Amino acid sequence: MSTTEEIAEMYGQYVMPTYAPEVAFVKGKGTKVWDADGKVYLDFVAGISVLNVGYSHPTVVGAIQDQAAELVHVSNLYYCENQAKLAKQLSDLSIKGKCFFSNSGAEANEGMIKLARLWGHEQGKYEIICMKNSFHGRTLATAAATGQEKVQKGFEPMPEGFVHADYNDIESVKALVNEKTVAIMLEAIQGEGGIIPADEQFMKDVRALCDEKDLLMLCDEVQCGLGRSGEWFGFQAYGVEPDAFSVAKALGSGYPIGAVVSGSKLADVFQPGNHASTFGGTPLACAAALATLEVMESEKLVERAKEKGDLFREGLSAFIDTYEHVTGVRGRGMMLGLELDQEAKPLVTALAEVGLLTIATAGNVVRFLPPLTVKDDELEEALDILDDCLAEMHGVVEEVEVAEVEEPEAAEVVEEVEAPEAAAEETPEESDVVA
Ligand SMILES: *Cc1c(COP(=O)(O)O)cnc(C)c1O
């Protein structure tokens, strides 16, 4: 197997530098990942909310292996039983309509945008009111829907038909409604925007405005959906139902799959020939998703996200009093952000060095998206590591103590380096009995 350095060298030569990776992971189990040099990390990024059931969950691994041996792909020209079953489950769990399957979040949002346009077509309605600071994907239409200039810059002209209101400001939304408006699209919790939940009144007002003006309410649940927020879907915390929503990231536990889920109003708008996807909802992708939903139900991960997320949030909130550069904690469930009064990158880098993976967002926010299966002692360990790194950042630890802080870390790494297989064998039983 190649070293990190060798892999980086090949990247430099052959992979377009759209990302700037520094570490290569070779194995994952539960909340832990091992890099190519044998170092172990606690992963509180989890693929940016992809690994909600943790790495290599035996139920998901088994379902993928069995289905791969049986039938990987059939064209959507033919029935696929797994697709029907998955559509039923997503529908039953949410807004009781129909699904269209895609391969990614952007493609799900693209489908949702097309669905809204087709619905409004005869009335000449096509414009979608999106939110500033939102994120909806990297295709041209979803980049146009995204309310961040950095996502659009250099790719102009952007497709038309998207305008942007201030999130959590219903008056700014109302000001944009006109005879061309077809929908309002938003995240219940802005993820890339910095872990910003919608205000309860705002979500209710958006729903009411849509009802009043005959507009569609569209939710992007790609990051906050599927248990992450402590509800199956983020909008459910507000007692409102969108007319359609998109999911992707966590749906297949890393096997690519996304979906547009509609309520009854939009269930039969797409007709044969309107929209399609070669790989959308294959037997294998749907098997991975069905197994993921099965794990979420059997291990009660939605409830767990709420319960353990509240505990973790409490731990994070304590840092506000202890450390002056920590200015806030936000988010819900296991989708949490620690707000700093400065750039978050240096802290994220320091945390990774001592074995805790997090991700910076919106400049000054450290984002935490651990697997929903994360164990109690792993949450505690993460808080300990954070405490150490925050102390170091604030210069409150004397040099001697810093050295001591690093030592057990190094020892743990060495211990795990030699036995990733052994560690892997322990974990399945543990993850079956998540409390
Ligand atoms: C990640 C993300 C997307 C894009 O998903 P891809 O699978 O990367 O295309 C869209 N919306 C939100 C809210 C996201 O977090």
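Here the structure is a predicted model, which is why all the values come from computation and not from measurement. Values below: every heavy atom of this structure, side chains too, minus hydrogens, waters and symmetry copies. If you read the sequence from its start, that first residue is 1, and numbering goes on from there.
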Colleague: Is a donor on one side and an acceptor on the other found under 3.5 Å between the side chain of Gln83 and the backbone of Cys80?
Modeller: no
Colleague: Any chance you could lay out the side-chain contact (heavy atoms from CB on, under 4.5 Å) test for Leu186 and Met217, step after step, and finish with the verdict?
Modeller: CA-CA 8 Å; Leu186 75 172; Met217 180 174 178; 4.2 Å; yes
Colleague: For Ala344 and Val366, work out which heavy atoms get closest and say how close.
Modeller: CB-CG2, 3.8 Å
Colleague: Taking the side chain as every heavy atom from C-beta outward, state whether Val365 and Leu340 have any atom pair closer than 4.5 Å.
Modeller: no
Colleague: Between CD of Gln65 and CG of Leu284, what distance do you get to the nearest 0.5 Å?
Modeller: 11.0 Å
Colleague: Given side chains that start at C-beta, do those of Leu226 and Lys249 come closer than 4.5 Å, heavy atoms only?
Modeller: no
Colleague: Heavy-atom count around Glu156 CD within 6.0 Å, excluding the residue itself: above 12?
Modeller: yes
Colleague: Donor-acceptor check, side chain of Tyr238 to backbone of Ala188, threshold 3.5 angstrom: yes or no?
Modeller: yes
Colleague: Give a yes or no on whether the backbone of Gly194 and the side-chain of Arg330 come within a donor-acceptor separation of less than 3.5 Å.
Modeller: yes
Colleague: Less than 4.0 angstrom from a charged side-chain N to a carboxylate O is my criterion; do Arg207 and Asp243 meet it?
Modeller: yes
Colleague: Considering only heavy atoms from C-beta outward, does the side chain of Val222 approach that of Ser246 to under 4.5 Å?
Modeller: yes
Colleague: More than 12 heavy atoms of other residues, nucleotides or ligands under 6.0 Å from OH of Tyr323: is that the case?
Modeller: yes
Colleague: Please find the pair of heavy atoms, one from Thr59 and one from Glu294, that lie closest to each other, and give the distance.
Modeller: CG2-OE2, 3.8 Å
Colleague: With the threshold set at 4.0 Å, does a side-chain nitrogen-carboxylate oxygen contact exist between Glu231 and Lys306?
Modeller: yes
Colleague: Evaluate the ring pair (Phe, Tyr, Trp, His ring centres under 6.0 Å) criterion for residues Phe44 and Phe312: first the C-alpha distance (whole Å), next the side-chain angles of each, then the deciding distance (0.1 Å), finally the verdict.
Modeller: CA-CA 12 Å; Phe44 276 42; Phe312 191 60; 5.6 Å; yes
Colleague: Looking at every heavy atom in both Gly111 and His275, which two are closest together, and how far apart are they?
Modeller: CA-NE2, 3.6 Å
Colleague: Closer than 4.0 angstrom, basic N to acidic O: yes or no for Lys114 and Glu110?
Modeller: no
Colleague: Test your reading of the model: is there a side-chain donor-acceptor pair from Ser229 to the backbone of Gly225, 3.5 Å cut-off?
Modeller: no
Colleague: State, without any angle test, whether Asn82 and Gln67 hold a side-chain donor-acceptor pair at a distance under 3.5 Å.
Modeller: yes
Colleague: Take atom OH in Tyr11; do more than 12 heavy atoms of anything else shown fall under 6.0 Å from it?
Modeller: no
Colleague: Spell out, as yes or no, whether a donor-acceptor pair under 3.5 Å connects the side chain of His164 to the backbone of Ala145.
Modeller: yes
Colleague: Does Arg332 use its side chain to pair, donor to acceptor, with the backbone of Ala237 at less than 3.5 Å?
Modeller: no
Colleague: Classify the angle between the aromatic ring planes of Phe100 and Phe270 as parallel (below 30°), tilted (30 to 60°) or perpendicular (above 60°).
Modeller: perpendicular
Colleague: With no hydrogens and no angle check, is any side-chain donor or acceptor of Lys132 less than 3.5 Å from a backbone partner on Thr146?
Modeller: no
Colleague: Begin with the C-alpha distance, continue with both residues' side-chain angles, and end with the deciding distance and a verdict on ring pair (Phe, Tyr, Trp, His ring centres under 6.0 Å) for Tyr41 and Phe25.
Modeller: CA-CA 10 Å; Tyr41 300 77; Phe25 293 116; 5.3 Å; yes
Colleague: Would you call Lys29 and His57 a side-chain contact if the rule is heavy atoms closer than 4.5 Å?
Modeller: no
Colleague: Measuring from atom CE of Met296 to atom OG1 of Thr373, what distance do you get when rounded to the nearest 0.5 angstrom?
Modeller: 10.5 Å
Colleague: Is there a donor in the side chain of Ser134 and an acceptor in the side chain of Glu187, or the other way round, less than 3.5 Å apart?
Modeller: no
Colleague: Testing the basics here: between Ser262 and Ile95, what is the closest heavy-atom pair and its distance to 0.1 Å?
Modeller: C-CD1, 3.6 Å
Colleague: Other residues, nucleotides and ligands only: do more than 12 of their heavy atoms fall within 6.0 Å of CD on Glu303?
Modeller: yes
Colleague: Under a 4.5 Å cut-off applied to non-hydrogen side-chain atoms, are Glu299 and Arg304 in contact?
Modeller: no
Colleague: I'd like to check Cys99 versus Leu86 (side-chain heavy atoms, cut-off strictly below 4.5 Å). Are they in contact?
Modeller: no
Colleague: Do the side chain of Asn133 and the main chain of Gly193 share a donor and acceptor less than 3.5 angstrom apart?
Modeller: yes
Colleague: Search all heavy atoms of Ala106 against all heavy atoms of Arg138 and return the closest pair with its distance.
Modeller: CB-N, 4.0 Å
Colleague: Could you tell me whether the side chain of Thr358 reaches within less than 4.5 Å of the side chain of Arg367, counting heavy atoms only?
Modeller: no
Colleague: Does a donor on one side chain and an acceptor on the other come within less than 3.5 Å for Asp220 and Asn109?
Modeller: yes
Colleague: Take atom CD in Gln342; do more than 12 heavy atoms of anything else shown fall under 6.0 Å from it?
Modeller: yes
Colleague: Closest heavy-atom contact between Asn76 and Ser277?
Modeller: ND2-O, 3.1 Å
Colleague: Is there a side-chain contact between Leu251 and Leu90 (heavy atoms, below 4.5 Å)?
Modeller: yes
Colleague: Determine whether the side chains of Ser49 and Gln223 contain a donor N or O and an acceptor N or O closer than 3.5 Å.
Modeller: no
Colleague: Give a yes-or-no answer on whether the side chains of Thr31 and Asp43 include a donor-acceptor pair shorter than 3.5 Å.
Modeller: no
Colleague: Quick check for you: to the nearest 0.5 Å, what is the distance between Glu307 atom CD and Leu301 atom CG?
Modeller: 11.5 Å
Colleague: Going by atom types only, do Asp199 and Tyr167 share a side-chain donor-acceptor pair under 3.5 Å?
Modeller: no
Colleague: Looking at Lys88, I want to see if its NZ is surrounded by more than 12 non-hydrogen atoms of other residues, nucleotides or ligands under 6.0 Å.
Modeller: no
Colleague: Measure from the side-chain N and O atoms of Gln152 to the backbone N and O of Glu149, and report whether any donor-acceptor pair falls under 3.5 Å.
Modeller: no
Colleague: Are the side chain of Glu221 and the backbone of Gly234 linked by a donor-acceptor contact shorter than 3.5 Å?
Modeller: yes
